[in-house]
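Below is one structure, written out as structure tokens, with a few remarks after it.
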Amino acid sequence: MALIARNRTTLRAVADDLSDTGVRVEVFPADVTDRPALHAALTAAEERLGPIDVLEYSPAPSPADLRRVPLVEATKVTVDSVLAQLDLYPLGGVAAVQHVLPAMLARGTGTVLVSSGAGSGPMIAPPVANVQVATGGMRNWILNLHAALSVTGVYAAHAAIAALIGQGGHDSQPRTIADAYWRLHTGRTEAELVVRDLPDDYLERGLADEFVES
């Protein structure tokens, strides 16, 4: 398993946890908005571990990112407030997928799973509308990719997560979500997984506050 993210310390901690299960895990620090760095990380992963059979792309902003480019309510969305989100979500996703897709198509097998919040389409979230412009586009592309790949042996699906992972009910627990991803990968029929496990008043309480350090 290859792990790619910006923070080497966090990557190493996750890798150590996974290594306890007997899985070989390697870390490749890179920023997905830095296209050459992302390409280099994926290439290094292939050289060290072999062909990429499954790509899971699930970008998320850090608190520092959100201080630099805040979440914006629907009536206040500007071009500038959307541009950084496009860089993180659909553009980073396109770069990652296009790195692995040609080889998957040549082999006639492979899985692409792309994750975002459920505000990408299944759920309306006006307080974070600038993000949803980007994640909505990413979701639409993956749903189209799912259809386009239907006879190739390569499978693509989108996961829309409306949950506080590790909190809330059964559907928010990491093992439950992991099992759902595994069913997507092995079943290879569904275009989308939607997880909804948020309190009814979540938006009213201030969705954006959940993403910012106290």
Side-chain angles (χ1 to χ4, degrees), residues 4-7 10 31-33 55-97 112-147 156-181 183-184 190-214:
I4 298 175
R6 287 175 291 185
N7 190 308
T10 301
D31 186 336
V32 299
T33 66
L55 173 73
E56 196 279 325
Y57 183 79
S58 50
S62 69
D65 294 329
L66 291 170
R67 287 191 292 271
R68 179 175 55 85
V69 185
L71 304 175
V72 175
E73 189 268 336
T75 63
K76 299 176 181 178
V77 168
T78 64
V79 170
D80 287 343
S81 73
V82 172
L83 287 175
Q85 309 301 338
L86 292 173
D87 209 27
L88 177 63
Y89 293 100
L91 300 184
V94 167
V97 171
V112 172
L113 300 177
V114 174
S115 307
S116 69
S120 58
M123 176 178 142
I124 301 301
V128 291
N130 61 325
V131 174
Q132 310 317 343
V133 172
T135 58
M138 186 173 72
R139 172 182 181 253
N140 182 274
W141 166 56
I142 293 299
L143 296 181
N144 277 279
L145 187 61
H146 171 86
H158 178 255
I161 310 297
L164 298 177
I165 299 174
Q167 306 176 43
H170 174 265
D171 290 345
S172 294
Q173 300 312 307
R175 180 58 182 268
T176 305
I177 294 173
D179 288 344
Y181 273 62
R183 288 193 299 272
L184 277 180
E190 299 299 319
E192 185 169 47
L193 164 71
V194 179
V195 176
R196 287 178 178 261
D197 191 31
L198 291 172
D200 291 339
D201 64 345
Y202 187 59
L203 291 177
E204 288 74 10
R205 289 193 288 111
L207 185 148
D209 294 341
E210 301 292 341
F211 295 90
V212 181
E213 289 178 323
S214 59

With the side chain counted from C-beta on, respond yes when Leu71 and Pro127 share a heavy-atom pair under 4.5 Å apart, and no when they do not. no

In terms of heavy-atom contacts, Ala191 and Leu143 come closest through O-CD2, 3.5 Å

Can you find a heavy atom in the side chain of Tyr181 that is under 4.5 Å from one in the side chain of Leu193? yes

Considering residues at least two apart in sequence or located in another chain, which fulfil the side chain to side chain donor-acceptor pair (under 3.5 Å) criterion with Asn140? Asn144

Between Thr33 and Asp31, is the side chain to side chain donor-acceptor pair (under 3.5 Å) condition met? List the steps. CA-CA 5 Å; Thr33 66; Asp31 186 336; 2.8 Å; yes

Among residues at least two apart in sequence or on other chains, which ones pass side chain to side chain donor-acceptor pair (under 3.5 Å) with Arg6? Asp65

Taking the side chain as every heavy atom from C-beta outward, state whether Ile142 and His146 have any pair of such atoms under 4.5 Å apart. no

Tell me the salt bridge (Lys or Arg N to Asp or Glu O under 4.0 Å) pairs involving residues 131-147, sequence neighbours left out? Arg139-Glu192

Please identify each residue that fulfils side chain to side chain donor-acceptor pair (under 3.5 Å) with Gln173, with sequence neighbours left out. none

Check the pair Thr78 / Val72 against side chain to side chain contact (heavy atoms under 4.5 Å, CB included), numbers first and verdict last. CA-CA 9 Å; Thr78 64; Val72 175; over 6 Å; no

Heavy-atom nearest pair, Ser115 first then Met138, reads O-CE, 3.5 Å

Exercise: identify the closest heavy-atom pair between Ser120 and Ser116: OG-OG, 3.1 Å

Work out which heavy atom in Pro59 is nearest to a heavy atom in Tyr89; give both atom names and the distance. CG-CD2, 3.5 Å

What residues, two or more places apart in sequence or in another chain, satisfy side chain to side chain donor-acceptor pair (under 3.5 Å) together with Glu73? Thr75

Could you give all pairs that pass the salt bridge (Lys or Arg N to Asp or Glu O under 4.0 Å) test and reach residues 125-136, with sequence neighbours left out? none

